[in-house]
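The structure appears right after this line, and notes come after that.
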Amino acid sequence: MNTTSAKWLVLANDFIRDDTFVIRTERHGFAFIPGQHVTLGLEGAGINREYSIYSGCNDDYLEFIVKIHPGSDSATALGALKPGAAVALAGPYGAFHLPPDFNTSTPVWFFAAGVGIAPFRSIIRSTPDIDYHIVHGVREAADAYGRHFYDPTRHLTCCSRLSDGDFHGRVTVWLQQNIIPCNALVFICGSANMVADTYECLRTQGLHSDQLLTEVFF
Amino acid sequence: MRVAISYPPIVNEQGQVAMVSQNRNVQYFVKPTFLMPIIHAQAATWLRDIGVEIKWDDGNAKQIPYDQWYTELLAWRPDMVILESTTPVMKFYWRLIDKLKADLPQCIVVMTGYHSMRMPEETLANSAVDVVILSNHIDFVLHRFVPYVGEHDHWRTSCDIEGLHIRVDEKTTRSTGTFRRVEVLDIAPDVDRDLVDWKRYAYENGNFLQTPGTYATSVIRDCTFGKCTFCRYNGPDLTFSVRSIEKSLDEYQRLIEDYGVKEIFDDSGVWYRGEQARAFARGIIDRGLHKRGVYFGINTRFGYLDEETIALLGKANFRFILVGLEASDTETLNRLHKGYLPEQAYKNLEWYTKYGLHPHLTIMVGYYWQNREMLDLTINTVRDMMFKGIARTLQVTYCTPLDYTPYHRECIEQGQMLTDDYDDFDMSRIIVKTPLPPAAYAEAIRKMYGVALHPRFIMRQARFLASGRKRDWQFMFTYSWRALRRVRNHIYNLTEASQE
Ligand SMILES: Cc1cc2nc3c(=O)[nH]c(=O)nc-3n(C[C@H](O)[C@H](O)[C@H](O)COP(=O)(O)OP(=O)(O)OC[C@H]3O[C@@H](n4cnc5c(N)ncnc54)[C@H](O)[C@@H]3O)c2cc1C
Ligand code: SF4
C-alpha cells in the first residue's frame, strides 16, 4: 500500500548517537526499491522531509536513520516520537538504486558521508550477494553507524576529526591514495559538496560519468 | 570566440508571443511576461568573464520581429549560437537551426533545454544541430566546452567533457556520457544584470507587484524534492544543487542598492526550507533589507515551510509565494507523486496568509484519469481557498505532457496521447485521452479564474485592506487589473482552442 494517506505507527525509536536516531515504523506491505526514499513527517503537522529507507526490502518494518542538525526542526520532532505515535509517510521516490539489468558480478562501490549510508545499508541488506565496498566518511569512528552490520573486509571508515577509524582524513583524501576498479558501478551520497568532490576524484581516476550515481541530502 | 545566447521571437498566427525561456511550459500570450532565463544568463556572464565575446540575444524581450532578430544575428557573425528547447517549439527550432547552418555553415549550433536533453538523438536527426547539451547545468558545461572548442580543431572527436551529444560528421554522432548532476553552485557567477539587459525583464512580469522587479540568481538548481511526475525537475538523471545563503544575500543587497529593484523573485524549483530559509530571512533582517520597501518572492511546495519559518519570512518582507496545488484529490496527488495531503495544503496556506504572504496557486486540470468527481473537488477546493482568503491569486493550465518527463512517458506508454505533433503541445488544448470531454476541463478553468470576479472574493480582498498593509492596497489597485488581463488572456486562449 504505497500512499500518502495511510497512518504509520512508530514501533521503535532509538538514539544511536547524541544527534542521530533510528526510527522504525510499520510497513503495511509498502513496496520500494532499496536505495529509494520517502517523505516523512509528524501526522497532521503539515511538514515533511525526505528520508532514505535504511531497512531492507525483506524486513517487515521500515527503518530510517535521521541526523539532527542545528535548527533541524523536523528531525528533532521525529526524534521525540515514542512507540505508538503516528507518522505521515509518502513515496517511495527516486532512482538511486541498482539498475534493473544489474549484473551481480559488477563491483559496486558506495561512498557515503554520515547518514548518507542509509540507502546503501538498504541495498546491501536486500541484496547481500553483491560484490560491494563501502567507504564511509564520518567525523569519528563512533559515527560509523551500524558498522558491525557490514562485512569488515568490505567496509572502511574515513574519519575527518579523530584518527580512530581505518583512515584519518576525508573520503576525497583516501581517494587520492586508492584506485577504484575501472569497471565499478559507483554510488555517492551525502552533502552536495561531498558528492561534487568525490565525483571529481573518481572522474580524475578515469571512471566514466555513466558509472557514477549520486544522491544529495542537503 | 563570439557566442550568441539566443531566444528567437516566436509568434503564433494570432500574434501571440511564446514564452519559452526558463524552462517554462510554453504558452502564447498577447501581452507577454518576460522571464529572465537565469541559468543561461549565468552562462553568458561566466563566458564573458573568461574572455568570450557574448551577444545576449533575447528577441522576445527586445520585442523585435523575427526577421529583424535573424538578420541582426547573422550580421553579428557568431562562432556559436546557443538555443533553448522545449517540446512545443521543437519543430520551429529544427527549421531555424537548418536555416542558420545554411546561412552560417561554420557556426556551431548548440541546443540546450529539457526536451532535447532527454531526446538528444531526435534533435540531431531532425536538424543540422552540432551539439546537444544533456545537462541542465548549462553554464558549467559551456564554460568548459567553449574554451575547449576554441583550443581544439578536432573537438568533435576529442572532447570528453561529460554531458554532450556531438555531431561528429554527416553520419555519426557521439555522446560523452551522463552529465554531472551536482555542481558547486557557488562557483557559478551571479548574473551580470547589465550584460543581459535586466530592465527588459523588470516590468512585464505578472509576479511583480512593484517594479522594477528582477529574478535572483537561483539558490537551488532544479528541485530539492524533484519527484512530481509532470515536472521537468524530475528525472532519474536529476538531483539538486544549493547556493550559499551569504552569496545570495550579497546579490540581494546589490540588486537593491545598486539597481534599485523593488521586488526580487527567486525562481528555483523550490526555494530553501527549514533552517536555511530561516537563516536567509534573518540575513535580510540583519542587513536591514526588509526596511527598503522591497518585496521578496519564492516558489515552494506544501510541506516545506513550517510556521516559524513563515513568520520569519513575513517579517523579512517576503510577499509572493508560488505553490503548486495541482489537484485536490488524494488519488491524483499520489499519481503525481506530490508527496503531500490535501489537508496539509490548507494548513500551509493558512500559515502563509497569517504572516502576510500572498500565496499564488498553480493548478492543473486534464490528467488522463481525471473524472468529474476529481475535477469538481479541485474546483470547489480552489474556490474555497480563494473565498477564505488563504490563497490570493491563481493560475490554471491544462496538464500537458512535455519534455519527456515521467508523466509524458507514462502517457505515451499507456497509449493516452492524442497527438505526437509537437506543435500541439502549446498548452492551449487537452492532448491526452480524458474521461470527460475537453470542454469540461475548459469550463473548470473558467470557473476557477472566474473566482477573481466573484463578489465573495472581492469582499475578502477588501477585508485585507483593513490590515493597513501597503502590499494589500497595492494588490487591490495594481495587481487586480493585471489579474483581470490575465483572466481575459487565458479565457481568450481557451475559447480559441475549444473552437478549433
Ligand atoms: C533524497 C534525500 C534523502 C535523504 N535521506 C536522509 C536520511 O536518510 N537521513 C537524514 O538524516 N537526512 C536525509 N536527508 C536530508 C534531510 O531531508 C534534510 O536534512 C532535512 O532538511 C532535514 O529536515 P529538518 O527540518 O530536520 O532540518 P532543516 O531545518 O530542513 O535543516 C537543518 C539544517 O541542517 C543542514 N543539514 C541538513 N542535513 C544535513 C546533514 N546531513 N549534515 C549537515 N547539515 C545538514 C541544512 O542545510 C539546514 O541548514 C535526505 C534528503 C534527501 C533530498
Ligand atoms: S515540488 Fe515543484 S519544482 Fe519540485 S518537482 Fe514538484 S512541481 Fe517540480
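Everything numeric in this text was worked out from a predicted model, so none of it was measured. Every chain is numbered from 1 and lettered A, B, ... according to where its sequence line falls, protein lines coming before strand lines.
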Can A:Arg49 be said to sit on top of B:Tyr304's aromatic six-ring, NZ or CZ under 6.0 Å from centre and within 45° of the ring axis? yes
Under 4.5 Å from a heavy atom of chain B, the part of A:Ile188 involved: neither
Measure distances from B:Ser175 to the heavy atoms of chain A and classify the residue's part below 4.5 Å as side chain, backbone, both or neither. neither
Bottom line for B:Glu308: the part with an atom under 4.5 Å from chain A's heavy atoms is side chain
Identify the two heavy atoms, one from B:Met364 and one from B:Tyr367, that lie closest to each other, and give their separation to 0.1 Å. CB-OH, 3.2 Å
Given the options B:Asp160, B:Val182, B:Asn348, which has more heavy-atom pairs under 4.5 Å with chain A than any of the others? B:Val182
Contact winner vs chain B - A:Thr39, A:Val38, A:Asp210, heavy-atom pairs under 4.5 Å: A:Asp210
Between B:Asp139 and B:Arg221, is there a side-chain N and carboxylate O pair less than 4.0 Å apart? yes
Under 4.5 Å from any heavy atom of chain B, what part of A:Phe96 do you find: side chain, backbone, both or neither? neither
Looking at chain A, which one of B:Asn234, B:Leu185, B:Thr239, B:Val242 has the largest number of heavy-atom pairs inside 4.5 Å, strictly under? B:Thr239
Pair B:Arg301-A:Asn48, side-chain donor/acceptor within less than 3.5 Å: yes
Does the distance from a Lys or Arg side-chain N to an Asp or Glu carboxylate O, for B:Glu275 and B:Arg278, drop under 4.0 Å? yes
How long is the gap from CG on A:Leu213 to CZ on A:Phe187, to the nearest 0.5 Å? 5.0 Å
By a 4.5 Å heavy-atom criterion (distance strictly below it), what part of B:Leu305 contacts chain A: side chain, backbone, both, or neither? backbone
Just so I understand: if I count every heavy-atom pair under 4.5 Å between each of B:Asp186, B:Ile220, B:Asp306 and chain A, which residue has the most? B:Asp306
Which one of B:Phe225, B:Trp351, B:Phe302, B:Tyr346 has the most heavy-atom pairs closer than 4.5 Å to chain A? B:Phe225
At a 4.5 Å cut-off on heavy atoms, which part of A:Thr214 comes close to chain B: side chain, backbone, both, or neither? both
Examine whether an atom of A:His69 lies under 4.5 Å from a heavy atom of chain B, and if so say whether it belongs to the side chain, the backbone or both; otherwise answer neither. neither
Does the side chain of A:Asn103 come under 3.5 Å of the side chain of A:Thr106 through a donor N or O and an acceptor N or O? no
Part of A:Val195 within contact of chain B (heavy atom distance under 4.5 Å): side chain
Determine, for B:Glu307 against B:Lys347, whether the closest basic-nitrogen to carboxylate-oxygen distance falls under 4.0 angstrom. no
Would you say the ring centroid of A:Phe21 lies under 6.0 angstrom from that of A:Phe15? yes
